[in-house]
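Read through the structure below, which is laid out as structure tokens, and then see the notes.
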Amino acid sequence: MTETPRRPRRTLIRRALVAVASVAAASTMLTGCLYAAIPPESATTPAPSRQPDVDGVPAGFEQFYGQALDWKACAGTDAGRFDCTTVTAPLDWSDPAVGTIDLAVIRRAATDGVPIGSLLTNPGGPGASGYDLIAQSSSFAVGSALSNAYDVIGFDPRGVGRSTAVRCFDPSAMDAYLFDIPADPRGSQGWTDELTARNRDFVAACEANSGGILPYITTDNAARDMDLLRAVLGDSKLYYLGYSYGTFLGATYAKLFPERVGRLVLDGAIDPSVSGLDVSTTQAIGFESALRAYMTDCLQSRSCPFSGMVDEGMAALGTLLASVDRVPLTASDGRKLGADTLMTAIIAALYSQDSWTYLSTALSDALAGKPDTAFQLADFYYARSNGTYQDNSTEAFRAYNCMDYPLDTAQADKDAADALVKQKAPTIAPYWQGVDVCEVWPYPPTGVREKITADGAAPIVVVGTTNDPATPYAWSVSLAQQLSSGVLITRQGEGHTGYNKGNACVDTAVESYLVDGTVPTNGLTC
């Protein structure tokens with residue numbers, strides 16, 4: 001997803017969760033999100049522990065793969081429903097002597113007899129909490145067929161949440177970093193200088209407060225951690241359901257350990273071969289397409305704040321954005337709503353069609369000079385509630401992307417990308433690009449952008465949604481084609497990701513594969 005323009009130009013997927021359909025952290029006005037309140041589920045019996053799988057352990061890492069897990073009832077959850085543990089992993093997978101980190105793991109035991117194994121899950125980001133995914137919304141994340149058949153596992157990747165985490169600003173400084181509006185006009189040298197200075201302050205805080213882990217916060221290391229989790233959970237093969245950024249994590253695992261791939265489903269795929277600049281450009285066009293779909297739907301409602309044809313509605317929205325860019329609106333808590341934060345609010349709501357009604361409310365209120373609803377959406381995007389931040393997803397997002405994506409250096413390529421965004425995404429374009437925090441990150445990126453084939457892996461199912469704004473459908477097509485054993489399922493529709501979104505065709509295909517091993521027909525369209 002996008003950052004607002006005063007931050008990275010290589011925006012990537014900011015909070016690419018299964019859906020952004022609730023602002024539970026800030027209010028309760030939206031529905032269907034991973035972190036929305038869910039009805040109580042029946043208690044389950046804690047799963048028995050299995051012996052670690054130590055076959056093929058890399059030399060020097062035997063102590064990690066052979067560790068016994070100490071499962072206990074999770075704090076703050078229903079007794080008997082979840083159990084939790086901490087796994088110790090090497091900080092540096094090239095040298096076990098460098099140090100260790102902790103990985104927080106939560107397990108919901110299978111409800112239907114002996115489990116197939118452990119189903120690891122990842123909600124995206126990078127930086128979203130897999131622990132919270134399962135603790136708060138396991139039934140939405142995996143569906144009853146999967147929770148019946150598997151011990152469902154959530155974990156916070158390195159750098160995230162309850163695991164050894166990236167730490168940067170305190171809440172007050174984070175508010176200033178994310179929401180303060182620069183004194184100089186957008187695009188001026190003063191504007192650029194101010195945002196660059198803010199990025200330097202942010203990076204300095206991350207370096208000072210993260211305990212030396214920043215150079216090791218990479219998807220390659222996180223994928224190696226995932227193999228460790230597979231082993232200590234007692235599985236010889238990996239069973240995995242990854243959403244959005246979680247598809248890149250899963251594909252990276254398959255690249256590193258193709259022989260250990262069991263059943264992998266990658267939903268809302270990232271194309272691992274495209275550059276950060278290409279990611280940003282494609283996402284801008286994807287969100288513009290989603291915004292037009294929203295506008296088409298909105299204009300059919302009597303409560304829509306716009307009128308006329310779609311182009312007229314989009315033009316009116318552009319006028320609103322330009323207006324708050326010139327004269328920001330003051331919220332009840334004193335914060336100023338400019339175009340950047342309003343764009344963040346819009347994009348947060350575009351992740352799920354269920355949020356469109358509330359986007360209309362936010363835009364109606366903004367047109368009336370009342371920005372609080374837009375701030376609620378933006379606050380959800382940043383996991384902010386009552387002036388505090390509920391997780392470290394903003395920090396972890398930057399840490400992963402700055403290490404995973406090589407910097408774009410060719411000015412001609414940047415100029416071409418800017419021109420394409422202006423042409424294909426004219427409403428979003430003025431507020432899309434900005435000053436990249438990765439330009440001042442203290443460590444050079446170690447990631448590469450390349451096709452992943454995972455030769456020798458078992459079938460890997462890729463799910464793509466035709467008008468997914470955050471991970472455009474073309475990326476799912478590309479990843480499925482790259483993977484030697486890739487199988488593509490297409491969900492026709494709006495919103496981010498396809499499984500457990502009410503499409504029985506997609507759900508049946510995914511669950512039949514993960515539960516029974518029945519490989520879907522490649523090219524299945526639902």
Side-chain angles (χ1 to χ4, degrees), residues 1-15 23 25-26 35 101 104 125-129 131-132 156-183 191-218 328 331 333-338 340-341 343-345 347-348 375-404 434-443 445:
M1 179 174 172
T2 181
E3 298 284 330
T4 58
R6 58 183 181 276
R7 292 177 291 280
R9 72 172 285 126
R10 296 181 303 109
T11 55
L12 311 180
I13 294 83
R14 165 60 183 86
R15 288 186 66 80
V23 288
Y35 302 116
I101 59 170
S129 171
Y131 183 109
D132 288 348
D156 285 351
R158 61 173 56 213
V160 174
R162 292 170 178 83
S163 294
T164 302
V166 175
R167 302 294 180 194
C168 303
F169 278 154
D170 64 22
S172 175
M174 184 63 80
D175 274 358
Y177 181 58
L178 296 176
F179 298 111
D180 281 3
I181 298 171
W191 180 86
T192 299
D193 291 345
E194 180 177 343
L195 299 184
T196 300
R198 290 190 197 178
N199 281 337
R200 291 187 186 281
D201 290 344
F202 175 81
V203 166
C206 297
E207 178 75 340
N209 297 325
S210 296
I213 69 172
L214 294 185
Y216 306 103
I217 304 303
T218 69
D333 64 1
R335 286 182 292 169
K336 301 289 186 179
L337 181 79
D340 295 334
T341 299
M343 182 57 70
T344 298
I347 287 174
F375 267 115
Q376 288 177 333
L377 286 167
D379 283 349
F380 171 75
Y381 177 78
Y382 290 119
R384 182 185 185 276
S385 177
N386 297 320
T388 64
Y389 290 82
Q390 306 304 300
D391 58 37
N392 76 321
S393 57
T394 297
E395 294 97 327
F397 171 80
R398 286 160 170 74
Y400 269 100
N401 284 333
C402 288
M403 293 303 297
D404 278 350
V435 180
D436 190 351
V437 69
C438 296
E439 297 283 355
V440 295
W441 200 251
Y443 302 97

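Below, each value reflects all heavy atoms present in this structure, side chains not excepted, and no hydrogens, waters or symmetry copies.
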Between N401 and P126, the two heavy atoms sitting closest are OD1-CG, 3.7 Å

| said: Assess whether a salt bridge exists between D132 and R162, defined as any Lys/Arg side-chain N lying under 4.0 Å from an Asp/Glu carboxylate O. | reply: yes

Taken to the nearest 0.5 Å, the spacing of E395 CD from F169 CZ works out to 9.5 Å

On a heavy-atom basis, the closest approach of A128 and P157 is O-CD, 4.3 Å

Residues passing the side chain to side chain donor-acceptor pair (under 3.5 Å) test with T388, sequence neighbours excluded, are Q390

ring-ring contact (aromatic ring centres under 6.0 Å, His included) filter on Y216, not counting sequence neighbours, yields none

*Mark yes or no: R198 above the aromatic ring of Y177, with NZ or CZ under 6.0 Å from the six-membered ring centre and no more than 45 degrees from the axis.*
no

Scanning both residues in full, the closest heavy-atom pair of V160 with G127 reads CG1-O, 3.3 Å

Value for CD (E439) from CG (D436), rounded to nearest 0.5 Å, stands at 5.0 Å

Report yes if the side chains of I181 and P328 come closer than 4.5 Å at any heavy-atom pair, otherwise no. yes

Distance col, row T196:OG1 vs D201:CG, nearest 0.5 angstrom, shows 11.0 Å

d(I217 CD1, D404 CG) to nearest 0.5 Å is 10.5 Å

D193 meets the side chain to side chain donor-acceptor pair (under 3.5 Å) criterion, sequence neighbours left out, with Q189

Heavy atoms of G212 and P215 approach each other most closely as O-CD, 3.7 Å

Salt bridge D180-K336, side-chain N to carboxylate O under 4.0 Å: no

- prompt: Do W441 and N199 come within less than 4.5 Å of each other through their side chains, counting heavy atoms only?
  reply: no

Does any non-hydrogen side-chain atom of C168 lie less than 4.5 Å from one of N209? no

Sequence neighbours excluded, the answer for side-chain contact (heavy atoms from CB on, under 4.5 Å) partners of P442 is V203, E207, L214

Worksheet entry | Side-chain heavy atoms of D379 within contact of R335, under 4.5 Å | yes

When rounded to the nearest 0.5 Å, the distance separating OH of Y131 from OG of S163 is 10.5 Å

Walk me through it: do F179 and Y382 pass the test ring pair (Phe, Tyr, Trp, His ring centres under 6.0 Å)?
CA-CA 11 Å; F179 298 111; Y382 290 119; 5.7 Å; yes

In this structure, CZ of F375 is separated from OG1 of T344 (nearest 0.5 Å) by 10.0 Å

**Message:** Between M174 and R384, is there a side-chain heavy-atom distance shorter than 4.5 Å?
**Reply:** no

Side chain to side chain donor-acceptor pair (under 3.5 Å) filter on T218, not counting sequence neighbours, yields N221

The complete set of side-chain hydrogen bond (donor to acceptor under 3.5 Å, both in side chains) pairs with one or both residues in residues 164-174, sequence neighbours excluded, reads none

Q.
Any side-chain to backbone donor/acceptor pair from S210 onto C206? Under 3.5 Å, distance only.
A. yes

In short, A378 meets T341 closest at the heavy-atom pair CB-CG2, 3.7 Å

_Could you check whether D391 and S129, counting side-chain N and O atoms only, form a donor-acceptor pair closer than 3.5 Å?_
no

